[in-house]
Structure formats: structure tokens, C-alpha cells
Amino acid sequence: MDHLNPVLSGATAFASLLASIYFLKFWRKTGDTLFLFFAAAFVIDAVARFVLAVVQVTNASEPVYFIPRLITFGLIALSIVGKNALPKKRK
């Protein structure tokens, strides 16, 4: 069962990369920074998951691999707060 973990991590990395491309598409159409932050977050997630699939993680180095997730969730939270904090334009 241990041989399946890198395959699933690689598939998750690929899905995160596809999600980032999807958000970049919407950022190019709208110019909204929310989509740009989401795309950046998913790129960081894809790279981190790919590294986890390739590298043998030990108990001593395991906490280091949570830093990209912290950055990813921080970017997502920052983009949502930034989107809601901006005054809305009236039509």
C-alpha cells in the first residue's frame, strides 16, 4: 500500500496545477486579484505535493513540509479578506 501514496500525491499535485491554470484563465478575463492569489496558492500546493511524492519524508523533517500549506491557506484567506474589505463599486 505504500507504493500507492506517491501516485496519489502526484495526482493531487496535477489537480492543483490544473486548478491554478483555471484560476489564471479567470484572472486574465477579469483582472481580479482574487483569482491571481488563488492561482498562486494552487501552484505552491502543486509544487509542495510533488516534492512530497518524490522525497522520502522522515519524522525530523516532516514539520517543514507544512510550511507551504500554511502559505497556501494564508494566500487564500488573504485574498478572501481583501476581496470583502474593498468597497463595492455601484453601477
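Values below: every heavy atom of this structure, side chains too, minus hydrogens, waters and symmetry copies.
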With rounding to the nearest 0.5 angstrom, report the [atom1] to [atom2] distance, [X] to [Y].
{"X": "Leu75", "Y": "Ile80", "atom1": "CG", "atom2": "CD1", "result": "11.0 Å"}
{"X": "Arg28", "Y": "Phe35", "atom1": "CZ", "atom2": "CZ", "result": "14.5 Å"}
{"X": "Leu8", "Y": "Leu52", "atom1": "CG", "atom2": "CG", "result": "13.0 Å"}
{"X": "Thr33", "Y": "Lys83", "atom1": "OG1", "atom2": "NZ", "result": "7.0 Å"}
{"X": "Leu34", "Y": "Asn84", "atom1": "CG", "atom2": "CG", "result": "9.0 Å"}
{"X": "Ser16", "Y": "Ile44", "atom1": "OG", "atom2": "CD1", "result": "11.5 Å"}

Closest contact, heavy atoms only, Ala53 versus Gly10: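 So the minimum-distance heavy-atom pair works out to CB-N, 4.1 Å.
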Hphob cluster co-occupancy, Ile71 + Phe37, side-chain heavy atoms under 4.5 angstrom: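 Yes; Phe37 is reachable from Ile71 via cluster members.
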Single-linkage hydrophobic cluster Leu24~Val43, side-chain heavy atoms < 4.5 angstrom: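 Leu24 and Val43: separate clusters.
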Check against side-chain contact (heavy atoms from CB on, under 4.5 Å), Val51 and Tyr65: CA-CA 9 Å; Val51 169; Tyr65 293 103; 3.9 Å; yes
Validation row: Ile76, Phe38 side chains within 4.5 angstrom (heavy atoms):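 Result yes, sub-4.5 Å side-chain heavy-atom pair found.
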Side chain to side chain, Asp45 and Leu17, heavy atoms closer than 4.5 Å: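 No, their side chains stay 4.5 Å or more apart.
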Geometric class of the Phe23/Phe42 ring pair [parallel <30°, tilted 30-60°, perpendicular >60°]: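 Phe42 and Phe23: parallel rings.
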